[in-house]
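Predicted, not measured: the structure shown is a model, and the values here were computed from it.
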Amino acid sequence: MVLKKLVRRSLRLFDKIFWTDYDIRLTNHIIGFHKSAYNFKKNKISFVHIPKTGGTSLHKLLRKDVKSRFINLNVHRPVSRLCDPGEYSYMTVMRNPVARVWSYYQMIKRNPYGSAYKRFADKGIECLLKHCWEVRNMACRYYSGEVKPEPDTATFNRAMKNLDNFICVIDMEFYEKQVDEFLTQYNIPNNHIPHERKSRYPTYDQNEYELICEYNKLDIEIFDKWKPVYLDENIKKKYLAAA
């Protein structure tokens, strides 16, 4: 216990001096966040929950499944490196990368002093982008299963291949409609689809938009390649007509 306290205190001091995030990463490791080496049975479905994609609301609905088919409902975890999406079942919610990063940034800014990444966000979006990996190509990391290294072309290709094998990718733009359809398909009770932690905040300016794009080129490419294929004209007409 004493050693643990000393390690944490040392990490916090190191982070404070060198503007790193080792203490935050250790905390996430302890609670099981971002773990890419896990096993699950083939009759289960892993929920790949990227922060700020409506997952907090969805996981509470999936917990109502009487067959308990869904895993990773209370943690943020990527595709498992031990369970290939070609053989195992995964689902996720896809959100426009710029909107996701901006929402994450606003959330961190509202958090109390001393919260994870708070001091970076208080210095502005560029500082957060430089010092917080969770706002740099996180979809590419999560869908590839390669979380720690900075993504590259190989990571992108793996992410796209894995994504093609997901049993469900919910478009956050049509969140309520598609969640309702998914729950109905799996016979999960759904009296109301809450969107928890949803909040209002100012929009980004052109400079902030360009900064987010610069640090999330691969995520934007994933989104741009996925969206036209997944949301074809027939589906788009269907949802727009029901809106």
Side-chain angles (χ1 to χ4, degrees), residues 34-36 38-97 99-100 138-145 147 156-198 219 221-240 242-243:
H34 314 310
K35 181 180 180 181
S36 60
Y38 61 90
N39 284 295
F40 63 99
K41 296 179 180 180
K42 290 187 176 181
N43 64 341
K44 300 290 186 179
I45 301 170
S46 176
F47 177 35
V48 179
H49 176 195
I50 297 175
K52 306 309 294 180
T53 59
T56 300
S57 301
L58 181 54
H59 98 258
K60 292 186 177 181
L61 294 169
L62 296 178
R63 290 177 68 178
K64 297 179 181 179
D65 179 30
V66 295
K67 296 183 180 180
S68 301
R69 285 167 287 189
F70 300 90
I71 68 165
N72 292 336
L73 297 183
N74 60 345
V75 293
H76 295 289
R77 282 184 180 168
V79 165
S80 173
R81 292 185 284 105
L82 306 179
C83 299
D84 192 314
E87 300 179 19
Y88 293 81
S89 299
Y90 292 87
M91 68 170 295
T92 192
V93 178
M94 178 78 76
R95 185 177 187 181
N96 181 298
R100 188 199 77 80
M138 197 173 191
C140 191
R141 298 173 194 262
Y142 256 48
Y143 298 148
S144 69
V147 175
F156 168 83
N157 291 334
R158 190 177 303 113
M160 290 301 300
K161 179 181 177 181
N162 288 342
L163 195 59
D164 284 342
N165 286 305
F166 276 32
I167 65 166
C168 179
V169 181
I170 292 170
D171 185 345
M172 194 161 178
E173 185 178 355
F174 304 102
Y175 183 85
E176 292 188 6
K177 295 180 178 67
Q178 292 190 4
V179 167
D180 183 61
E181 289 185 351
F182 183 81
L183 296 175
T184 300
Q185 179 184 352
Y186 282 85
N187 297 312
I188 300 173
N190 178 31
N191 298 323
H192 174 63
I193 301 176
H195 190 171
E196 298 185 10
R197 304 175 72 179
K198 186 176 182 179
D219 270 16
E221 188 172 356
I222 286 176
F223 185 77
D224 287 347
K225 286 182 178 295
W226 165 82
K227 183 101 175 180
V229 174
Y230 185 79
L231 194 62
D232 63 27
E233 287 305 313
N234 291 329
I235 297 176
K236 184 182 293 185
K237 289 177 182 178
K238 172 184 174 183
Y239 283 116
L240 290 178

Please name the pair of heavy atoms, one in [X] and one in [Y], separated by the smallest distance, quoted to 0.1 Å.
| X | Y | result |
| --- | --- | --- |
| Gln178 | Asp171 | OE1-N, 2.8 Å |
| Gly145 | Pro78 | CA-CB, 4.4 Å |
| Arg63 | Leu73 | CG-CD1, 3.5 Å |
| Val147 | Arg141 | O-NH1, 2.9 Å |

- Query: Aromatic rings Tyr90 and Phe166: how do their planes relate, parallel, tilted or perpendicular, breaks at 30° and 60°?
  - Reply: parallel

- Query: Under 3.5 Å, is there a donor-acceptor pair between the Tyr142 and His34 side chains?
  - Reply: yes

So how far is it from [X] [atom1] to [Y] [atom2], rounded to the nearest 0.5 Å?
| X | Y | atom1 | atom2 | value |
| --- | --- | --- | --- | --- |
| Asp224 | Asn96 | CG | CG | 8.0 Å |
| His59 | Lys64 | NE2 | NZ | 11.5 Å |
| Arg100 | Phe223 | CZ | CZ | 12.5 Å |
| Asp84 | Lys161 | CG | NZ | 6.5 Å |

- Is there a side chain to side chain contact (heavy atoms under 4.5 Å, CB included) between His49 and Thr92 once you walk through the steps? CA-CA 6 Å; His49 176 195; Thr92 192; over 6 Å; no

- Can we say Glu173 and Arg95 salt-bridge, meaning some charged N sits less than 4.0 Å from an Asp/Glu carboxylate O? no

Side-chain heavy-atom pair [X], [Y] within 4.5 angstrom cut-off:
| X | Y | result |
| --- | --- | --- |
| Ser36 | Val79 | no |
| Leu61 | Asn190 | yes |
| Val93 | Ile50 | no |
| Phe156 | Lys225 | yes |

- Might you work through the side chain to side chain contact (heavy atoms under 4.5 Å, CB included) test for Leu163 and Ile222, ending with a clear yes or no? CA-CA 9 Å; Leu163 195 59; Ile222 286 176; 4.1 Å; yes

- Any donor-acceptor N/O pair, Asn187 side chain to Leu183 backbone, under 3.5 Å: no

- Query: Just by modelled atom types, is the Pro97 backbone N or O under 3.5 Å from a matching donor or acceptor in the Asp219 side chain?
  - Reply: no

- Task: Any pair with a residue in residues 66-81 that passes salt bridge (charged side-chain N to carboxylate O under 4.0 Å, His left out), sequence neighbours left out, goes on the list, sorted by first then second residue, please.
- Result: Asp65-Arg69

- Only one of Leu58, Ile188, Thr184 passes side chain to side chain contact (heavy atoms under 4.5 Å, CB included) with Val179; say which it is. Leu58

- Where do Tyr143 and Met160 land on the side chain to side chain contact (heavy atoms under 4.5 Å, CB included) test, with the steps shown first? CA-CA 7 Å; Tyr143 298 148; Met160 290 301 300; over 6 Å; no

Do any side-chain atoms of residues 39-47 form donor-acceptor pairs under 3.5 angstrom with protein atoms, and if so which ones, sequence neighbours left out?
residue, atom, partner, partner atom, Å
Lys44, NZ, Ser68, O, 2.6
Ser46, OG, Tyr38, OH, 3.0
Ser46, OG, Asn72, ND2, 3.1

- When you look at Ser80 and Tyr88, which way does the side chain to side chain donor-acceptor pair (under 3.5 Å) test go after all the steps? CA-CA 10 Å; Ser80 173; Tyr88 293 81; over 6 Å; no

- Item | salt bridge (Lys or Arg N to Asp or Glu O under 4.0 Å) against Asp164, all qualifying residues, sequence neighbours excluded | none

